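Read the structure below first, then the notes.
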Amino acid sequence: MTILNTWNVVQMDAYPTEDGEVDVVFNVHWTLTGEQTVGGEPVTGYVYSSQAITLDADEPFVPFAQLTEELVLNWVKAAMGTETIAAHEANVLQQIEDKKNPKVVTPPLPW
């Protein structure tokens with residue numbers, strides 16, 4: 001079955017001024033939620049983390065008010081690299097698999 005992974009930005013930390021610019025993002029707090037439907041019910045896995053972002057002098061500066069979630073997530077993923085992205089997605093997949101096939105269960109008391 002397919003897992004739908006959804007990345008979201010939940011918060012950004014910014015320097016009030018940096019290199020002559022205002023509200024320069026240097027850290028992004030993000031979530032990754034994976035969801036798979038099993039027997040008509042959603043089963044999810046979740047990661048919350050943050051990623052440092054570096055101002056690239058070779059790229060045009062985007063004012064804070066003009067940032068989009070897509071642009072910021074592109075920065076986050078570029079800073080992480082493909083191996084780290086794959087590791088987070090594998091973590092979410094493992095969480096889902098563990099919920100579908102738990103290694104430990106707590107059955108109700110027999111009395």
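Just so we're clear, the structure is a prediction, and the values are computed from it rather than from any experiment.
- The side-chain hydrogen bond (donor to acceptor under 3.5 Å, both in side chains) analysis of residues 11-23, with sequence neighbours excluded, yields the pairs Gln11-Asp13, Asp13-Asn27, Asp13-His29.
- In terms of hydrophobic clustering, with Ile, Leu, Val, Met, Phe, Trp and Tyr side chains grouped at heavy-atom distances under 4.5 Å, Val9 and Val24 are assigned to different clusters.
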(request) Let me see the working for Ile53 and Val76 under side-chain contact (heavy atoms from CB on, under 4.5 Å), right down to the final yes or no. (result) CA-CA 7 Å; Ile53 302 296; Val76 167; 4.2 Å; yes

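- With sequence neighbours left out, Gln94 forms a side chain to side chain donor-acceptor pair (under 3.5 Å) with Asp98.
- Within the structure, the salt bridge (charged side-chain N to carboxylate O under 4.0 Å, His left out) test picks out the following pairs touching residues 83-97 (sequence neighbours left out): Glu97-Lys100.
- Ala87 pairs by the side chain to side chain contact (heavy atoms under 4.5 Å, CB included) definition with nothing, not counting sequence neighbours.
- Applying the ring-ring contact (aromatic ring centres under 6.0 Å, His included) test to residues at least two apart or on different chains, none of the pairs has a partner in residues 92-111.
- When all heavy atoms of Ala79 and Gln51 are compared, the pair lying nearest together is CB-NE2, 3.6 Å.
- The same ILVMFWY cluster, assembled from side-chain heavy atoms under 4.5 Å apart, contains both Val62 and Phe64.
- In this view, Val105 and Pro102, Pro107 satisfy the side chain to side chain contact (heavy atoms under 4.5 Å, CB included) rule, not counting sequence neighbours.
- Trp75 CH2 to Met12 CE: the interatomic distance, rounded to the nearest 0.5 Å, is 7.5 Å.
- Clustering of Ile, Leu, Val, Met, Phe, Trp and Tyr side chains at separations under 4.5 Å leaves Leu4 isolated, with no partner residue.
- Listed by first and then second residue, the ring-ring contact (aromatic ring centres under 6.0 Å, His included) pairs involving residues 33-57 amount to none (not counting sequence neighbours).
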(message) I'd like to know whether Gln36 forms a side-chain contact (heavy atoms from CB on, under 4.5 Å) with Leu93, so could you lay out the CA-CA distance, the side-chain angles of the two residues, the decisive distance to 0.1 Å, and finally the verdict.
(response) CA-CA 9 Å; Gln36 184 178 54; Leu93 172 61; 5.9 Å; no

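- Listed by chain and residue number, Trp7, His88 satisfy the ring pair (Phe, Tyr, Trp, His ring centres under 6.0 Å) test with Trp30 (two or more places apart in sequence, or in another chain).
- Distance check: Glu35 CD to Ile96 CD1 gives 8.0 Å after rounding to the nearest 0.5 Å.
- Partners of Asn5 by side chain to side chain donor-acceptor pair (under 3.5 Å), not counting sequence neighbours: none found.
- Note on Leu67 and Phe61: separate hydrophobic clusters, where clusters join Ile, Leu, Val, Met, Phe, Trp and Tyr whose side-chain heavy atoms are under 4.5 Å apart, directly or indirectly.
- With sequence neighbours excluded, the residues forming a side chain to side chain contact (heavy atoms under 4.5 Å, CB included) with Thr68 are Glu70, Leu71, listed by chain and number.
- Contact between Asp56 and Asp58 at its shortest, heavy atoms only, is OD1-N, 2.9 Å.
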